[in-house]
Amino acid sequence: MEQPVKNMRVAVYPGSFDPVTNGHLDIIHRAAKVFDKLIVAVLNNTSKNPLFTLEERMELLRQSTKDLTNIEVDGFRDLLVNYMKQRQVHVIVRGLRAVSDFEYELQMASTNRKLSDEVETFFMTSTPQYSYLSSSIVREIAKFHGPVSELVSPEVEEALRTKFPSPPNKI
Ligand code: COA
């Protein structure tokens, strides 16, 4: 007889998410089908100068994933492996957009494995339509009031409009 599955399959999807893009949401939606629970962990990286505060980035992630029931949005400011130990999670999910991501991701996965042999990294390839997308591209387009509706959720689009209000029409 088949044994019931005792342990929930939980994974962490870490990143800066400044802001979350449709590329991230593609990975989140697909990973949420593979794992019982996905913790989206937002890095509070003090060395970067983010456009959105940690709280704003977390709130935008919550709003953009409100249709998913097995997502938790959390923040961390530690080594990822320490955060995972504290949360008792052993799986990291990362998205691979293109070959150019591979070297950095391999380095990061190997470093995390060196720091903790309990941690495994699972890579998911991006859906091709998002393979060019990054948060900085979105920020750049929004800064010059270009269209971002196909790149981010409506909530993020609205938040970007607030950060970069349109200049009054020139006469
Ligand atoms: N779709 C769209 N964009 C994506 C993406 C996807 N699927 N995957 C990555 N990106 C983009 C991000 O938007 C971001 O773009 P930007 O640089 O233009 O802003 C870029 O790729 C990298 O972002 P992200 O995935 O958020 O990674 P990161 O380098 O900011 O952070 C952490 C990676 C948080 C996982 C890593 O820095 C970390 O674990 N830090 C904690 C400290 C630590 O443990 N260090 C040792 C491990 S090496």
Side-chain angles (χ1 to χ4, degrees), residues 10-35 38-54 56-61 64-65 68 71-144 146 148-153 155-157 159-160 163-164:
V10 185
V12 166
Y13 180 38
S16 303
F17 304 106
D18 185 34
V20 57
T21 69
N22 285 348
H24 295 124
L25 291 174
D26 165 52
I27 300 290
I28 291 173
H29 276 86
R30 288 163 50 214
K33 289 185 196 153
V34 176
F35 296 95
L38 184 70
I39 301 172
V40 182
V42 185
L43 177 66
N44 189 6
N45 190 344
T46 44
S47 64
K48 275 191 181 180
N49 187 18
L51 175 64
F52 292 98
T53 65
L54 176 70
E56 287 172 331
R57 284 179 277 151
M58 288 173 63
E59 185 53 29
L60 288 172
L61 269 159
S64 305
T65 57
L68 296 170
I71 302 290
E72 177 190 333
V73 177
D74 195 11
F76 75 107
R77 55 182 316 162
D78 198 345
L79 279 178
L80 180 59
V81 291
N82 290 348
Y83 170 75
M84 294 184 64
K85 194 170 185 179
Q86 175 217 324
R87 296 297 313 259
Q88 298 185 312
V89 181
H90 306 287
V91 177
I92 303 170
V93 169
R94 294 288 291 169
L96 281 177
R97 291 167 297 173
V99 175
S100 49
D101 278 345
F102 182 74
E103 216 166 316
Y104 173 62
E105 293 296 336
L106 178 66
Q107 187 184 25
M108 209 155 58
S110 307
T111 305
N112 285 328
R113 188 110 176 106
K114 177 82 184 157
L115 292 171
S116 167
D117 57 11
E118 289 183 357
V119 161
E120 291 290 351
T121 304
F122 279 54
F123 292 107
M124 299 184 71
T125 53
S126 280
T127 301
Q129 76 187 95
Y130 302 123
S131 60
Y132 68 95
L133 195 52
S134 74
S135 299
S136 52
I137 281 182
V138 166
R139 293 196 301 270
E140 182 84 354
I141 296 171
K143 188 171 149 192
F144 294 105
V148 293
S149 60
E150 289 181 18
L151 312 180
V152 296
S153 67
E155 293 86 358
V156 173
E157 187 184 8
L160 285 165
K163 291 277 179 194
F164 301 113

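Residues: numbered from 1 along the sequence shown. Remember, it's 1-based here, ligands and their atoms both numbered in the order they're listed.
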Has the side chain of [X] got a donor or acceptor atom that lies under 3.5 Å from a matching backbone atom of [Y]?
X    : Y    : answer
N112 : V81  : no
D101 : L96  : no
R113 : V119 : yes

Pull out every atom of ligand 1 sitting under 4.0 Å from any heavy atom of [X], numbered as shown with elements.
X    : value
S136 : 16 (P), 18 (O), 19 (O)
I27  : 7 (N)
S134 : 3 (N), 13 (O), 15 (O), 18 (O)
S126 : 7 (N)
G15  : 26 (O), 34 (C)
D78  : 41 (C), 42 (C)
N112 : 47 (C)
P14  : 35 (C)

For the residue pair L133 and L151, what are the closest heavy atoms and their distance?
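So the minimum-distance heavy-atom pair works out to CD2-O, 3.7 Å.
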What heavy-atom pair brings V93 and A31 nearest, and what distance separates the two atoms?
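That closest heavy-atom pairing would be CG1-CB, 4.3 Å.
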What residue and atom, counting heavy atoms only, is the protein's closest point to [atom], and at what distance?
atom                    : result
atom 27 (O) of ligand 1 : R94 NH2, 3.4 Å
atom 12 (C) of ligand 1 : H24 NE2, 3.6 Å
atom 45 (N) of ligand 1 : L79 CD2, 3.9 Å
atom 3 (N) of ligand 1  : L133 O, 3.2 Å
atom 28 (P) of ligand 1 : S16 OG, 3.8 Å

Test of understanding: with side-chain contact (heavy atoms from CB on, under 4.5 Å), list the residues that count as partners of P14, not counting sequence neighbours.
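Expected list: V12, F76, L80, I92, R94.
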Hey, does Y130 come in under 3.5 Å of ligand 1, counting only N/O atoms on both sides?
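N/O-N/O distance below 3.5 Å does not exist for this pair.
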Could you tell me whether some N/O pair between L80 and ligand 1 is separated by less than 3.5 angstrom?
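Yes; at least one N/O pair falls below 3.5 Å.
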Is the shortest side-chain heavy-atom distance between [X] and [Y] below 4.5 Å?
X   : Y   : answer
T65 : L38 : no
P50 : R57 : yes
S16 : K48 : yes

Protein heavy atom under 4.0 angstrom of atom 42 (C) of ligand 1, is there one?
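Yes.
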Quick one: does Y104 get within less than 4.0 Å of ligand 1, heavy atoms only?
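In this structure, Y104 qualifies as a contact of ligand 1 - some heavy atom is under 4.0 Å.
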Can you find a non-hydrogen atom of D18 under 4.0 Å from ligand 1?
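Judged by the 4.0 Å heavy-atom criterion, D18 does not count as contacting ligand 1.
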Have a look at M108, R97, R139, K48 and point out the one with the heavy atom closest to atom 8 (N) of ligand 1.
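Looking at heavy atoms only, R97 sits closest to atom 8 (N) of ligand 1.
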Pair R87, D74 - check salt bridge (Lys or Arg N to Asp or Glu O under 4.0 Å), show working.
CA-CA 11 Å; R87 296 297 313 259; D74 195 11; 2.9 Å; yes
Distance check, rounded to the nearest 0.5 Å: Y130 atom OH versus H24 atom NE2?
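Answer for the OH-NE2 pair, Y130 versus H24, is 12.5 Å.
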Working to the nearest 0.5 angstrom, can you tell me the gap between F17 CZ and I28 CD1?
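Going from the CZ atom of F17 to the CD1 atom of I28 covers 5.5 Å.
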Using heavy atoms and a threshold below 4.0 Å, how should the contact between L43 and ligand 1 be classified: side chain, backbone, both, or neither?
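Contact part for L43 vs ligand 1: side chain (C-beta onward).
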